[in-house]
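Since the structure comes first, as structure tokens, the remarks are kept for the end.
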Number of protein chains: 4
Amino acid sequence: MLSASSSKYDMIMKASVSLFTERGFDATTIPMIAERAHVGTGTIYRYFDSKETLVNVLFQESIQRFMEKLKQDFSELSVREGFHHVFCCLIQFTKESDYALFFLETKKDAHYLNATSRKMIENLTQMLDDYFNKGKAEGVIRSLPSNVLIAIVLGAFLKIYQLVQTGDIEMDMDLRTELEQCCWDAIKLHSFTSQK
Amino acid sequence: MLSASSSKYDMIMKASVSLFTERGFDATTIPMIAERAHVGTGTIYRYFDSKETLVNVLFQESIQRFMEKLKQDFSELSVREGFHHVFCCLIQFTKESDYALFFLETKKDAHYLNATSRKMIENLTQMLDDYFNKGKAEGVIRSLPSNVLIAIVLGAFLKIYQLVQTGDIEMDMDLRTELEQCCWDAIKLHSFTSQK
Amino acid sequence: MLSASSSKYDMIMKASVSLFTERGFDATTIPMIAERAHVGTGTIYRYFDSKETLVNVLFQESIQRFMEKLKQDFSELSVREGFHHVFCCLIQFTKESDYALFFLETKKDAHYLNATSRKMIENLTQMLDDYFNKGKAEGVIRSLPSNVLIAIVLGAFLKIYQLVQTGDIEMDMDLRTELEQCCWDAIKLHSFTSQK
Amino acid sequence: MLSASSSKYDMIMKASVSLFTERGFDATTIPMIAERAHVGTGTIYRYFDSKETLVNVLFQESIQRFMEKLKQDFSELSVREGFHHVFCCLIQFTKESDYALFFLETKKDAHYLNATSRKMIENLTQMLDDYFNKGKAEGVIRSLPSNVLIAIVLGAFLKIYQLVQTGDIEMDMDLRTELEQCCWDAIKLHSFTSQK
DNA sequence: GATGAATGAGATTTCATTCAT
DNA sequence: GATGAATGAAATCTCATTCAT
């Protein structure tokens, strides 16, 4: 029973995140989720108070998982290693589930996010802000506002992963490495090179 | 008469694009558009057959305008100059209207886009593909698939401009220049430099 | 000006009756009438207070014209001659305009008819009632309630004329004569004949 | 569950047919149907895709039922017996439900009928055409086109039953018999009688 | 007088949510 | 607990009517 229930919960979460990623929150209906999760529509309301609750739980869980992954050994790394770590987290997390894509796509002022979800975005932003500040202090990363640096890396990553999801490109080890370098090049301080 | 009509049309377009950008297509209702455009709901249907027609006209007009801006003297420029041109088009276009933001946010498989809109995405993609191929042939740009290169630049730009829109950052001349350099660094071939 | 106005009035009446006959009152829109009448929608409201007024004027005019035609020399005729007269009025009136068809199709409890229109239906019914009562008194017509006799003749005529209107049959002199005989046979008293 | 569902379906069908008969398709709104059927408006859309689907299902079911009733032993009867059978079907069917009245009132070119519905009208017409052709071949029925003969009988019947529905007349056994004779007299060949 | 763009009340339709089974 | 039929509030869309030109 517990396992059956928990399985239904997971199925609903899985179905929801994939549909929200594909179609967005507002274009996804409860019957669509129910069908993809192979449960009745009523069942969804046994686990979630409302569609809005569902999306917030989903969002919070996804950002939570991402932050936990990110936190592991993060502070002990050098700036460049830290960047590699962030990139790996993004890649790995996106591989595991659509969660990463879902929260990258969600704008922080999305009408369906509640206060808790917004708070968690701030938390994640803070973590990344700390990291970028360290990089900037060390003269390794461009002295741009952290939210801009985050926007560059996550924005690029998001758009690329949309291509993966639509089947336009395949993400292999080589591409992965090169993309990481692209993103790094975007934000790192190219101090001694004459730039053109 | 003509001017009044065209003004109503413009007001509807303006209201629609801002709401679609803020909330997305599905979370935007016709009464919301009508209110922001200061017209009656019925008036919207004098100009557009349906909400779906409206979003497609909007999308096609925005991509059309962007492509026309982009095309001007594009082929005569060097690769780096070409990139500057693209970046200026993005910035300038976004300044003029919310159009740029709206079409950058629209995924090419969005459920509301019709065949014509999809065709126009292909056309724009083709233009940029040609540009990137030239850059790659000249050994100036990384040899990544064009859609990936596009994703990096537009993805980063989109996320940054969302910050501008929410008031988190101000876009001044210095930032503009630096961002262009960031995006260029992301895709250019850093041939002789030892990279870290 | 007067002639132009009166012509517009006629055009609206003509367009309305044909559309009401083809599609019914509720499925006919004011723009449809305006288009067929080659006038602006607003013009219709210069001649008629509302769509409902229009249909009632139309109805009353059509039943009025029919009754006037019917009254001419009606009382001086024999029962059989009277029937011929009624039938001729129907045929002739339908030939001239769609008016006959329109009022035959209108049920007396139609939601759009006003008190005046209903009163006029009663008047026509009364006229025909008098005629049928004479026929019944003379033993020439079946002793059925007049409204039933009217229903038989007009019901049959209406359905036949719908065939004419859709182009399924052509109304020529021979058919006309035979149909009159059919209808007469339906209501006349077949006294001495052994019926089978 | 099944019985409850089927009951709701039936209630919607019953409410619809009575309203369509009273007011016509276009003057009947979904809320009106919902109210008379004692269901929510949304419920109607669980059973029917659209108002148009509803009216076509209704029409097809009504004509289907009528044809099945009509077919029973129809071919084995003499022409006069066949006519009696047709008339009995009409009377009986109208007694049972408003279905008969509804399809008699529906013109074959009604804007809401779909291809299937039109095909079924053709099928019924064909059946009656066969019957009338037999009658004509045997010299029992007037040599008029079958659609004209059908129009006479159904047209008369329809108008009479509208009187029954509005409460103007009561349909008893005597009236029934006499009306059948009226209609038969309208179409039969009065060969040897001198007609006046 | 004539027009048709503009309007909003009211139509059709959708869908988040409830609740009897 | 699980279901999906039922619901009605709110969405999209239509159209009779008005009114500035």
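In what follows, chains carry the letters A, B, and so on, assigned in the order in which the sequence lines appear, proteins first and then strands, with residues in each chain numbered from 1.
A:Phe93 has its side chain within reach of A:Phe103: a pair of non-hydrogen atoms, C-beta onward, lies under 4.5 Å apart. With a 4.5 Å cut-off on side-chain heavy atoms, D:Glu105 and D:Tyr161 do not count as touching.
A sub-4.0 Å separation between OP1 or OP2 of E:dA2 and a side-chain N or O of C:Tyr45 is absent. Between E:dA2 and C:Tyr47, a contact under 4.0 Å exists linking OP1 or OP2 to a side-chain N or O. At the phosphate of F:dC13, neither OP1 nor OP2 sits under 4.0 Å from any side-chain N or O atom of D:Lys51.
A:Ile33 places its CD1 atom 16 Å from the C1' atom of F:dG4, with the value rounded to the nearest Å. Rounded to a whole Å, the NE2 atom of D:His38 is 17 Å from the C1' atom of F:dG8. Protein atom CZ of B:Arg46 is 14 Å distant from nucleotide atom P of F:dA16, rounded to whole Å. One can place CG of B:Asp26 at 13 Å from C1' of E:dC15, the figure rounded to the nearest angstrom. In this entry the distance linking CG of C:Leu54 with C1' of F:dC15 reads 15 Å, nearest Å. Between the CD atom of B:Glu35 and the C1' atom of F:dA11 there is a distance of 16 Å, given to the nearest Å. Regarding C:Ile12, its CD1 atom lies at a distance of 9 Å from the P atom of E:dA2, rounded to whole Å. The distance between atom CD1 of A:Ile44 and atom P of E:dC19, rounded to the nearest whole Å, is 18 Å.
Heavy-atom neighbours of C:Glu96 CD from other residues, nucleotides or ligands within 6.0 Å: above the threshold of 12.
When distances are taken from the side chain of B:Lys8 to each of F:dG4, E:dT12, E:dA6, the shortest belongs to E:dA6. The nucleotide whose nearest atom lies closest to any side-chain atom of A:Pro31 is, among E:dT3, F:dT17, E:dA16, E:dA16. Nearest nucleotide to the B:Thr41 side chain, out of E:dG8, F:dA2, E:dA6: E:dG8. In this structure, of F:dT17, F:dC13, E:dT13, it is F:dT17 that holds the atom nearest to the side chain of C:Ile30. Distances were taken from every side-chain heavy atom of D:Thr43 (C-beta onward) to each of E:dT7, F:dT12, F:dA6; the shortest belongs to F:dA6.
In this structure, B:Gly42 and D:Val39 both approach DNA chain F, and ranking their closest nucleotides by distance from the 5' end singles out D:Val39. Of the residues near DNA chain F, C:Asp49 and D:Gly40, the one whose nearest nucleotide (by heavy atom distance) lies more toward the 5' end is D:Gly40.
As the counterpart of E:dT21, F:dA2 is assigned, both hydrogen-bonding distances of the Watson-Crick or G-U wobble pattern falling under 3.5 Å.
Under the 6.0 Å cut-off for aromatic ring centres, C:Tyr9 and C:Phe48 qualify, their centroids lying closer than that.
The residue A:Thr29 sits close only to the backbone: its heavy atoms come under 4.0 Å of sugar-phosphate atoms, none of a base. Heavy atoms of D:Thr28 sit under 4.0 angstrom from primed sugar atoms or phosphate atoms, though from no base atom.
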*Show your working on side-chain contact (heavy atoms from CB on, under 4.5 Å) between D:Thr28 and D:Val55 and close with a plain yes or no.*
CA-CA 11 Å; D:Thr28 300; D:Val55 77; over 6 Å; no
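Relative to the six-membered ring of A:Phe25, A:Lys51 meets both conditions, a distance below 6.0 Å and an angle of at most 45° to the axis.
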